[in-house]
Each structure stands twice: as structure tokens, then as C-alpha cells.
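For the single chain, residues carry numbers from 1 onward in sequence order.
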Amino acid sequence: MSQTYQVISAALPKERCATALLLFLFSFLFFCAFRIPVPCNVDTFLYARAIKTLEGPVVHFGYYVIGSFCQALLGRFGYTPPETLGLLSQFLGGVSVSSLYEFSFLTTKDHLQGLVAALLLMFSGTFWLFSIHGEVYVPQLAFVLLSLAFIQKQMPFISSLCLLIAISITPTSLLALAPIGYLMYTNRSGTRQATFFLAPIATAFIAVMLWNGSKVVEVFTQAIYSPAIFLDEFSWTGLLREVVYRIIEAYGRSFNIVLFFVMTGFAVVYKNDRRQWGLTLFFLIPFMVYLFNLGLLSGDHLIISFVAVSLLGSHGILKCLDWMGIKGGLRSLAIILILSFYVLISFEFLISRPTAYSKELARVIHALSKRMPDNGIILADYCFGVTYASMTFHEKSMDLFEGRPAAYVEKGVREGEPVFHRLNKPFWISFACIPGVASKHGFRELLTKRPLYLVETLDWRIGLIQVFKEHLKSLKLENPRDKIQRLNDITRYLQYKLGSTIMVDRIIDSPLHPVYRLRAVGDSENRQDHSTQNSSVK
């Protein structure tokens, strides 16, 4: 216990301890206040299942272990796994904010600079969003920031351990090695410190490669794609436009009006402090590897680079106020006004819509669960289906949990298990898996004699961001999801496969997830109910 206290005391002297603690408490309570009761991010439910089974993508194994430990503690107080992961993100979101304050002070020796940088990170849309969801990105960033702070305090062994935890949460934390290495170089760390930092990482790497090296190689090779597959027609100008658009979307949605100050800060730091300017480059340049997987070039995967953006933004804000001659109380008021506009825009861009979506999702799931009979089958997209299954089915089979009953049957047949009896209970089918299900022997009887419920997913037009989305659609940079109507296509497909006419009744109205009941009928009943079908679909 005394050694732990000495480490904390060394890393956080008394003169900054109060500010860091207040930042942590403020941000933690802030994130708790905006907690989303039903996560719109389906990964939360997949991770919630994984912390109970420790089964899931191996790249997040450290996150499962931490989540499982927290669930063992919080489960005694009635917390469900999704709630535990949400609370974990809120807690580590607070750790991230206070750690960035400490790291910024150690880098700039300026308390106000660190405070503004920490608040810029806290209110950035992507960081804010993932601090109220059970996701891997905020826990990853928390341990990366702890690693950075400890390396600045010349504590390489503890820094290395924190980085290893971040890598076990998600391997993209390896990109933090670049700024850490730069800091060790500019801090003139000796051979002894380098050894203390690298030894744990090398030991862990060797152990993992000996344990399952082929799986590690497979994971990394599967993440590499040609940029051409992300473009309808490859060209260098098209690739450049795609990269620029994704970068602007990632940083623009997260930092909005602060981007002006970030660019100002970049120029100011270049002129006044080449060491800090080089540090920002070592934060940003490693993410160019995402050219080999443009699907990862988004705000969540770029979250480590938010450290540099927040630092530059704080430099830019304070320098602009200096140029304008704003000092004393007016200076504090100006910072508060800038941050207030920043918070409002971030809320509108990335928080208000998920909050509304969450409430509507919870309402539809509750209404459907009341109507769902004991032998009902749901047809839905992946996100709705996993969420519904998590909240109502408590499914143990991963295949059924992900809406793949055909895969569930095939696996059971291979293993000699009687599996069709489970399909007499409620389950759901992913839209992507309907062709496979309808083609399998034995499923026709399951589908024709069971009540089917199709859950549509629409683009709910709410919030000021809709103005921007409509403009992006006109430029063909975003797909018009509101025009993707699955109801008619799936109805026609089922009629063809099942050899029966499908009648449609809307049973739950929703701007986000309207629900329809599908009934297979014969020719005589079809003639009788033809008018009902037309009025129901309208």
C-alpha cells in the first residue's frame, strides 16, 4: 500500500492533485448524467456477453478481463453487464480527462494550458459519446494517457505496464509507441530507462507469440485491405477525396469550432516550440497506416490522436486571447463562452441523436416484447436484433445471438446435437441471413407456421445535423438510408421461397423502427385480405 501511495505521490504532486481530482469527479459525474440507458452501439452488448463468457475477438481480451472483474464486483449491487461496461467507460473517461491535464502540464508547465486541453478532450463529441457507452476506446485512451504521464515522470516500467493494458484492450494502442518513443528521446532517457520500458513489452510479445502466434499474425493480416475496395472506382484523386472527407468528418464532428484554434495552435507551436510540434506529428503520423484499412479511419479509431488535437486547441485558444489582449476575468469569461458553444455543438452533432434513438429503441423493444408470442420469429437488422436478444432472449448460443439460425443448425448437426427443439422458442433472423435460412431444409415449416415480425430501420430526421446530412447526400458522400426500404423486398422474397402470399400489418408505429407482422396465407384468404394488405403498408 505504501509503495502504491509513493507512486501516486510521485506522479501527481500536491499542487496539482486537487485540480486533477476535481477534473476527474466533474467529468465522471458529467458522463453519468448523460448515460444512455439502452446503448445504440451494438458492440456494447457483444462485449457484455464476452465478459460473462470471455469469448469474443481476441484483440479485446484485456477489456473482457477488466469488464469481468468489474462485473464480479458490481453485479452484487444489481448492475447488468451492459451497465457495468457503461460505468467503466464513465469512470475511465474521468481518468482520461484528469490524466490529460497532468500530461499537458508536464509537457507545457502551464496549469491553464492543461485545464483547457483536458476540457477540450472531455467535450469532444466522439470522446463524450464513447464515455457514456460500454466501448473499448475510452478505456484504451485512459491507459495510453497514464502511460504518457508516467513516461514524462521518468517512470518507464509503470508506463510500459499501462501501455500493455491499453494494447490488450485494443491493438491500435501500439500506435502510441511513436509519441512515447519521441518523448523518451527528447527527455534523453538513458539505456536503463529504455530497458525498463521495453522489457515488459518484449516479454509480453514473446509470451503471446509462443502461446498463439499464428492467431496474432492472422488478426493483423485480416485488418489489411487495399484502398481500392473502399472506392466504387479507384483513382488517386478519388482516394485523396475519400481520405480527406473521412479525416474532416472524424475531427470535424468531434472538435467542430475548436478546429480553427487547432490550426492556429499548430502554427504557433511550430514557431515557438519545435519539440512540442514534433510531438504532435508523432501523435498524428502513425495513423496514416489506416490507408491500408480506410474503414478504421474514423473518430473512434483516431481517438489517441485526440491528445495532440486537444493540446493544439488549448495552445490556439490561449494564443488568440493573447493577441486580442483579453486578460484577467475577461479571459476566463471568454474561455467559458468558447467552451459553452463547443459543448452545445458537440451535443447536437454526436449526443442528442443517439439519446433520442436510445429512448425510441427502448420503447419499441418494450412494445414488441409485450406482443411477441412464445413461438415468434423476428426479422431485423443486426443492431436491433442483437439489442433485442440481449434484453429479452438471454441467448447462450453465439449463432442465435447474432441472428444466424442456419449456422446454429449446421453446427449442431456436425456435433450430433438435437438443435431444432431450441428453434421452437423465440429467436431472430438477421436480414443478411434470411436467404440462407429460407433455403435450408426444415426451415420452411418453421417459418410458415410461426408468427413473423419484421423490424424496419429508418433514418429518423431529427436535429440540426440533418441539414448537414442532406448536403452530404447531395454530394454523394453519404448514403440515403431513408430510401433503403427492406419491407417490400423481404416480403416478395418470402412469398417466392415459401410459396405463400405474405400479408403485412403494421403493429408498432415508429420513426426509427416500425414493426410489421407478416402472415402467410392461402389463395382464398389472400383474395379476402388483399385490401387489408394495401392499407396496412401505407
**OP:** Any chance you could lay out the salt bridge (charged side-chain N to carboxylate O under 4.0 Å, His left out) test for D273 and K109, step after step, and finish with the verdict?
**Re:** CA-CA 13 Å; D273 192 336; K109 307 303 179 184; over 6 Å; no
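- For residues 158-167, the side-chain hydrogen bond (donor to acceptor under 3.5 Å, both in side chains) pairs, not counting sequence neighbours, are S147-S159.
- Side-chain N/O atoms of S314 and Q113 include a donor and acceptor closer than 3.5 Å.
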Subject >> Test side chain to side chain contact (heavy atoms under 4.5 Å, CB included) applied to L87 and Y79, step by step >> reply: CA-CA 9 Å; L87 187 61; Y79 280 81; 4.0 Å; yes
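- T107 and Q152 are linked by a side-chain donor-acceptor pair at a separation below 3.5 angstrom, with hydrogens and angles left out of the test.
- No more than 12 heavy atoms of other residues, nucleotides or ligands shown are found within 6.0 angstrom of CZ on F61.
- Under the 4.5 Å side-chain criterion, counting only non-hydrogen atoms from C-beta, Y251 is in contact with F306.
- A cation-pi arrangement, defined by a distance under 6.0 Å to the six-membered ring centre and an angle within 45 degrees of its axis, is present between R274 and Y270.
- A pairwise comparison of heavy atoms in L294 and R246 identifies O-NH1, 2.9 Å as the closest pair.
- Note: Y47 and Y63 meet the aromatic proximity criterion, with ring centroids under 6.0 Å apart.
- Annotation: side chain of F384 is in contact with side chain of I365 (closest heavy-atom distance under 4.5 Å).
- Within 6.0 Å of CZ on F341 lie no more than 12 heavy atoms contributed by other residues, nucleotides or ligands.
- Across E456 and R486, no two heavy atoms sit closer than the pair OE2-N, 2.9 Å.
- For F205, the CZ atom counts as loosely surrounded, since its 6.0 Å shell holds 12 or fewer non-hydrogen atoms of other residues, nucleotides or ligands.
- Between F30 and F34, the two ring planes are tilted [angle within 30° to 60°].
- Using a 4.5 Å cut-off on side-chain heavy atoms (C-beta onward), P156 and Q193 make contact.
- Residue K327 holds its NZ atom at 5.0 Å from CG of D322, rounded to the nearest 0.5 Å.
- Looking only at distances, no side-chain donor or acceptor of Y357 sits under 3.5 Å from a matching main-chain atom of S352.
- For CH2 of W236, the number of neighbouring non-hydrogen atoms (other residues, nucleotides, ligands) closer than 6.0 Å is 12 at most.
- Residues V307 and F103 share a closest heavy-atom pair of CG1-CE2, 4.1 Å.
- Using modelled atom types and a 3.5 Å distance limit, the side chains of R241 and Y245 yield no donor-acceptor pair.
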**OP:** Carefully, step by step, assess F127 and F31 under the rule side chain to side chain contact (heavy atoms under 4.5 Å, CB included).
**Re:** CA-CA 10 Å; F127 179 80; F31 296 140; 3.6 Å; yes
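- For the pair P354/I36, a side-chain contact is recorded, criterion being any heavy-atom separation below 4.5 Å from C-beta on.
- Not one N or O on the side chain of H60 forms a donor-acceptor pair closer than 3.5 Å with the backbone of T170.
- Annotation: the span from C162 atom SG to M155 atom CE amounts to 9.5 Å, rounded to 0.5 Å.
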**OP:** Decide side chain to side chain contact (heavy atoms under 4.5 Å, CB included) for L23 and L119; before the verdict, give the C-alpha distance in whole Å, the side-chain angles of both, and the deciding distance to 0.1 Å.
**Re:** CA-CA 9 Å; L23 271 174; L119 293 175; 4.1 Å; yes
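- Crowding of Y182 atom OH: a count of heavy atoms from other residues, nucleotides or ligands under 6.0 Å exceeding 12.
- Between the side chains of Y290 and S298, no donor N or O sits under 3.5 Å from an acceptor N or O.
- Between the side chains of E360 and S510, at least one donor N or O lies within less than 3.5 Å of an accepting N or O.
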**OP:** Could you give me the CA-CA distance, side-chain angles and deciding distance for V243 and I247, then say whether side chain to side chain contact (heavy atoms under 4.5 Å, CB included) is met?
**Re:** CA-CA 6 Å; V243 171; I247 291 176; 3.7 Å; yes
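- Shortest non-hydrogen contact noted between G93 and S131 is CA-OG, 3.9 Å.
- Ring geometry for F91 against F28 counts as perpendicular: the plane angle is over 60°, on a 0 to 90° scale with 30° as the lower cut.
- How far CD1 of I303 is from OG of S96: 7.5 Å, rounded to the nearest 0.5 Å.
- In this structure, the side chain of R353 does not engage the main chain of E348 through any donor-acceptor pair within 3.5 Å.
- The shortest distance between side-chain heavy atoms of Y388 and V455 does not fall below 4.5 Å.
- Taking D43 as the reference, nothing meets the side chain to side chain donor-acceptor pair (under 3.5 Å) condition, with sequence neighbours excluded.
- Taking both residues in full, the closest heavy atoms of L458 and P511 are given as CB-O, 3.7 Å, listed atom of the first, atom of the second, then distance.
- Taking OG1 of T355 as the reference point, atom CZ of R35 lies at 11.5 Å (rounded to 0.5 Å).
- A donor-acceptor pair is defined here as one N or O able to donate and one able to accept, closer than 3.5 Å; no such pair exists between the side chain of S358 and the backbone of C40.
- Between the side chains of D300 and T126, no donor-acceptor pair of N or O atoms lies under 3.5 Å.
- The closest donor-acceptor contact from the side chain of N187 to the backbone of S189 lies at 3.5 Å or more, if one exists at all.
- No salt bridge links R363 with D509; every basic N to acidic carboxylate O contact stays at or beyond 4.0 Å.
- The distance between the ring centers of Y137 and H301 falls below 6.0 angstrom.
- The main-chain N or O of G134 is found under 3.5 Å from a side-chain atom of T44 such that the two form a donor-acceptor pair.
- Under the 30°/60° scheme for interplanar angles, the aromatic rings of F123 and F26 are found to stand perpendicular.
- Put simply, the side chain of L279 reaches to within 4.5 Å of the side chain of P179, judged on heavy atoms.
- Although no hydrogens or angles enter the test, the distance criterion places no donor-acceptor pair under 3.5 Å between the side chain of N293 and the main chain of I224.
- Residues F261 and F255 keep their aromatic ring centres 6.0 Å or farther apart.
- Within a 6.0 Å radius of CZ in F196, other residues, nucleotides and ligands contribute 12 heavy atoms or fewer.
- Minimum interatomic distance between A117 and L100 (heavy atoms only, all atoms of both residues): O-CD2, 3.4 Å.
- Here the side chain of R331 pairs a donor or acceptor atom with the backbone of I326 at under 3.5 angstrom.
- Side-chain N or O atoms of S235 include one that pairs as donor or acceptor with a backbone N or O of G238 at under 3.5 Å.
- Residues W128 and F130 keep their aromatic ring centres 6.0 Å or farther apart.
- The closest side-chain heavy-atom distance from F197 to I158 is not below 4.5 Å.
- S254 and S124 form no side-chain donor-acceptor contact under 3.5 Å, judged by distance and modelled atom types alone.
- No donor-acceptor distance shorter than 3.5 angstrom exists from the side chain of E102 to the backbone of S98, with no hydrogens or angles considered.
- Rounding to the nearest 0.5 Å places CZ of F69 at 11.0 Å from CG of L88.
- Proximity of I201 to L177: side-chain heavy atoms (C-beta onward) are separated by under 4.5 Å at one or more points.
- Side-chain contact, S68 with Q71: no donor N or O sits under 3.5 Å from an acceptor N or O.
- Q140 and T172 share a side-chain donor-acceptor pair at under 3.5 Å.
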